[in-house]
Amino acid sequence: MEVIVGQELNLTRQDVAGNNGRFFSEALTFDDVLLVPKRSSVASRMDVSLATKLTNNISLNIPLISANMSTVTESAMAICLAQEGGFGIIHRNLSIEREVQEVYKVKRSENTIIEKPFTILATDTIERAVAEMEKHGVSGLVVINEEKKLIGMLTGRDLMFETGGKLVSEVMTADPVVGKYGQAIEELIELMRKNKVEKIPLVDENNVLKALVTARDVLKKKKYPNACRDSRGRLRVGASIGIRGDYKERAAAVLDAEPDAIAVDVAHGHMERVIEIVSWLKKNYGCEVIAGNVATAHGTRDLIAAGADVIKTGVGGGSICITRTVAGTGVPQLTAIMNCAEEAAKHGISIIADGGIKTAGDVVKALAAGASTVMCGNLFSGTDESPGRVIFRNGKRFKMYHGMASWTALQGLKDSDRTPEGVESMVNYKGNAKEIISNLLGGLRSGMSYSNAHTLQELQQNAEFIRITNAGLRESHAHDVEVI
Ligand code: XMP
């Protein structure tokens, strides 16, 4: 294909409609198209594989990512997505310390062997111990001395009848069941079963604390067989940084919590500063970098050249975005995905389709158009796992959903001089995010079956889009009935 017109989009000569190539004939989005049904050998919708990759080094079992937005993804949402096989990215509208904690919460949530368990000194007060447990959201602490040697265990049970004013050493369980660091997990489970204990600290030959194993985590591992885990069995999670202010400090602190990828979170990802920061991250930390947002082949190419491991695609298509009205800029999302995916594929890199996903059908179209994963904000907002409380209004339940460039979010990012490019909104309370995921996957499986696709790669190969009119769109929705 011959690329012309400032190299921004992958366009052929036929796509350009004059005026020195400054106008393109057409750009489409999800509602402009449908997928044409194909003769299909998919016998059952459960026969399809939804496995995909976030980056070349991170595999996912489902192609869904929750958006790094303050009203969408903190640890609860990220844990839910990863348990189901997807991926959540913690937002950056938090203090550095809190973002680090949110990453830790995910990484420790189902960690069969916890390498750096939370500890307390035997000489500390129980008030301090309770504060530490609350801060980290854990139900117990390992008690050590100054030389990091194991002294005991402190759990909720030890504190149940305490009213304060004592030292940890006075109330802890002093003779806990102990395992050896490196001992087989099956032996440790047997030790827990025999002694009816939920937590076993693991020590080296000098009784120095090395790790902790908990029954809760062992059981959870069995409960979520499709979960997205790292090589140490921990749930995967991403974290975000910006490109100004504290970004260097934030990157260093957050990476210490060992997220699986860092998202360089910027509305206009095709900025020279973003390119520099992507290179800086790769050079200094060698971490997996999610870069964006871009909506053109040129943007994709430049971020990949800077070292990006995956490209986040979408400018102005999100449900809370007003970039297209405020700045007059953007590319309808289906065309953006096709352009970015085509360019990224030349370099063996994947793209994330970010924004504008309203239905399971849009997920199918985004993946068929070339994305490896789909990022959703709106669809996951308003759930139990999204941050914020439920609001009651006129007998109905809602939660807040804010654009990250809305006035409210910009205050949090200390960027209030900027003209807002997002809105604050209320969305219906939707219950459990797991059910939303399940409905989206049901639609995806169905869409794959219509396109004769057993895998997401086959979906991309087989998909045939057809352009529809407004009448076609109207016909596509329930019509001429009173929906109940
Ligand atoms: P959905 O459609 O899932 O989109 O709600 C979520 C995506 O929208 C982007 N985003 C914004 N874009 N102004 C924008 O122009 C904003 O304030 C804003 N906040 C989020 C972001 O890419 C997100 O994943």
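Remember, it's a predicted structure, so these values are computed and weren't measured experimentally. Whatever order the structure lists ligands and atoms in, that order sets their numbers, starting from 1.
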Identified side-chain hydrogen bond (donor to acceptor under 3.5 Å, both in side chains) counterpart of E74 within the set Q101, K105, H91: H91
Nearest heavy-atom neighbours spanning V72 and G377: CG2-O, 3.8 Å
If you count the non-hydrogen atoms of other residues, nucleotides and ligands that lie under 6.0 Å from NZ in K434, is the total more than 12? no
Nearest heavy atoms of V278 and V264, plus distance in Å: CG2-CG2, 4.2 Å
Count the heavy atoms belonging to other residues, nucleotides or ligands that lie under 6.0 Å from CZ of R273, then report whether that count exceeds 12. yes
What does the list of residues with a heavy atom under 4.0 Å from ligand 1 look like, ordered by chain and number? A67, M69, N293, G318, S319, I320, C321, T323, D354, G355, G356, M375, C376, G377, N378, Y401, G403, M404, A405, S406, E421, G422
With respect to E258, which candidate in R234, K107, R108 satisfies the salt bridge (Lys or Arg N to Asp or Glu O under 4.0 Å) definition? R234
